[in-house]
There are 2 protein chains.
Amino acid sequence: MELIRIYECLCDETRLRLLNILAQGPLCVCHFQEILREPQVKISKHLAYLRSRGLVECERQGNWMIYELPAKPSRELRTNLACLQDCAREHPAFQRDLARLQKLAPKLAATGPCGCATAKPAAR
Amino acid sequence: MELIRIYECLCDETRLRLLNILAQGPLCVCHFQEILREPQVKISKHLAYLRSRGLVECERQGNWMIYELPAKPSRELRTNLACLQDCAREHPAFQRDLARLQKLAPKLAATGPCGCATAKPAAR
DNA sequence: AATCTATATTCCTATCAAGGAATATGAATC
DNA sequence: GATTCATATTCCTTGATAGGAATATAGATT
């Protein structure tokens with residue numbers, strides 16, 4: 001049942017934080033590291049986990065991997081992501097992450113979801 | 001974070017089935033066994049798991065234990081149970097359980113959430 | 001081609017959850 | 001008080017997951 005796979009993704013704090021950030025738009029791994037302040041392996045593994053269950057999609061852009069929520073989420077996924085948004089809104093931890101994302105906003109506006117100094121502007 | 005505890009409960013099919021049934025009202029363990037057609041240990045353990053995380057409450061009534069959803073669920077729990085209801089509606093497995101619950105309805109109406117032949121009518 | 005950068009994968013260990021078998025508990029009944 | 005019934009708990013084995021350290025990879029740069 002797909003629903004179970006979705007819930008399995010949602011029962012880890014790191015993954016919830018990732019999804020919360022992704023709700024704002026696509027982003028590359030290095031920025032997740034910056035925002036979550038967690039080691040690269042941890043971020044990368046959790047993104048792989050999310051990807052294996054269809055909660056995120058990714059696309060390489062030069063050296064960077066840009067992750068984003070699925071373009072066409074299933075009804076179940078859509079419903080649950082909305083529910084998560086609703087719940088996350090109140091948690092300081094999630095708010096803090098979004099605040100950190102805001103600080104990156106200028107950079108992101110200039111260079112796209114990667115925003116690394118050396119990266120070229122993204123297509124989208 | 002309570003949210004995580006909730007999701008941990010939701011990532012098992014048996015527990016989802018239990019919660020789906022409980023959304024219709026309180027019930028005793030023997031009826032869960034009847035509806036889910038799973039062994040007693042399994043049902044009992046999953047109910048204990050749900051209970052340990054505040055997703056269900058229970059109350060003894062003679063030999064029977066009546067389980068029900070919390071009288072005062074947190075906002076997060078309420079939101080997620082509603083979301084689950086929304087998602088479960090479409091799954092045959094959940095529908096089937098509800099159909100089986102319907103068959104018990106007459107018995108339940110007569111004797112309360114336990115509905116076992118020997119049980120006395122419940123207070124509620 | 002050698003190097004650098006961003007990210008992924010492998011290997012390891014520790015923890016947790018699931019399921020079944022057997023057993024324990026608590027309340028009711030004889 | 002012994003038995004019965006409904007349910008819970010313990011013990012065991014197995015599989016899944018998390019996290020870190022070390023290493024591999026793919027693309028860009030020199």
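From a predicted model like this one, the values you see are computed outputs, not experimental measurements.
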Are any of [X]'s side-chain N or O atoms less than 4.0 Å away from OP1 or OP2 of [N]?
X	N	value
R53(A)	dA16(D)	no
Y67(B)	dA8(D)	yes
H46(A)	dG19(D)	yes

Exercise. Go through the side-chain N and O atoms of E2(A) and S74(A) and say whether any donor and acceptor fall under 3.5 Å apart.
Key: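 The criterion, which ignores hydrogens and geometry beyond distance, is satisfied for S74(A) and E2(A).
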
Practice problem: Would you kindly say whether H91(A) and E76(B) are connected by a side-chain donor-acceptor distance under 3.5 Å? | Solution: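 Yes - a donor-acceptor pair under 3.5 Å links their side chains.
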
What integer distance in Å separates [X]:[atom1] from [N]:[atom2]?
X	N	atom1	atom2	value
N63(B)	dA8(D)	CG	C1'	13 Å
Q33(B)	dC5(D)	CD	C1'	12 Å
K42(B)	dA21(C)	NZ	C1'	15 Å
L36(A)	dG19(D)	CG	P	12 Å
E8(B)	dT15(C)	CD	P	16 Å
E59(B)	dT7(D)	CD	P	13 Å
E34(A)	dT5(C)	CD	P	16 Å
Y7(A)	dA18(C)	OH	P	16 Å

Quiz item: So what does V29(A) hit on the nucleic acid, given a heavy-atom distance under 4.0 Å: a base, only sugar-phosphate, or nothing?
Solution: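 Contact class for V29(A): sugar-phosphate only.
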
Practice problem: Pick base, sugar-phosphate or nothing for R15(A), based on heavy-atom distances below 4.0 Å to the nucleic acid. | Solution: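 Sugar-phosphate contact only - R15(A) comes under 4.0 Å of backbone atoms but never of a base.
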
Quiz item: Of the options L55(B), L69(B), T14(B), which is the one that meets L50(B) in a side chain to side chain contact (heavy atoms under 4.5 Å, CB included)?
Solution: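 Per the side chain to side chain contact (heavy atoms under 4.5 Å, CB included) rule, the option paired with L50(B) is L55(B), out of L55(B), L69(B), T14(B).
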
Quiz item: Are R15(B) and Y49(B) in a cation-pi contact, defined as NZ or CZ under 6.0 Å from the six-membered ring centre and within 45° of the axis?
Solution: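 Flagged: R15(B) positioned over aromatic ring of Y49(B).
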
Practice problem: Tell whether K45(B) reaches the base of dG19(C) with its side chain through a donor-acceptor pair below 3.5 angstrom. | Solution: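 Side chain to base: pair present.
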
Quiz item: Got a donor-acceptor pair under 3.5 Å from the side chain of Q40(B) to the base of dA8(D)?
Solution: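 Flag set: donor-acceptor pair detected.
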
Can you tell me which nucleotide in [options] comes closest to the side chain of [X]?
X	options	answer
W64(B)	dT7(D), dA21(D), dG20(C)	dT7(D)
P39(B)	dG26(C), dT9(D), dG20(C)	dG20(C)
M65(A)	dA8(D), dA27(C), dA8(C)	dA8(C)

Practice problem: Can you establish whether the number of heavy atoms outside R53(B) located under 6.0 Å from its atom CZ is more than 12? | Solution: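 Counting neighbours around CZ of R53(B), more than 12 heavy atoms of other residues, nucleotides or ligands fall under 6.0 Å, so yes.
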
Practice problem: With DNA chain C as reference, determine whether V41(B) or Y49(B) sits nearer its 5' end, using the nearest nucleotide of each. | Solution: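 First, find each residue's nearest nucleotide; the 5'-ward one identifies Y49(B).
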
Exercise. By nearest nucleotide on DNA chain D, pick out whichever of C11(A) and R60(A) is the more 5' one.
Key: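 Nearest-nucleotide comparison on DNA chain D picks C11(A).
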
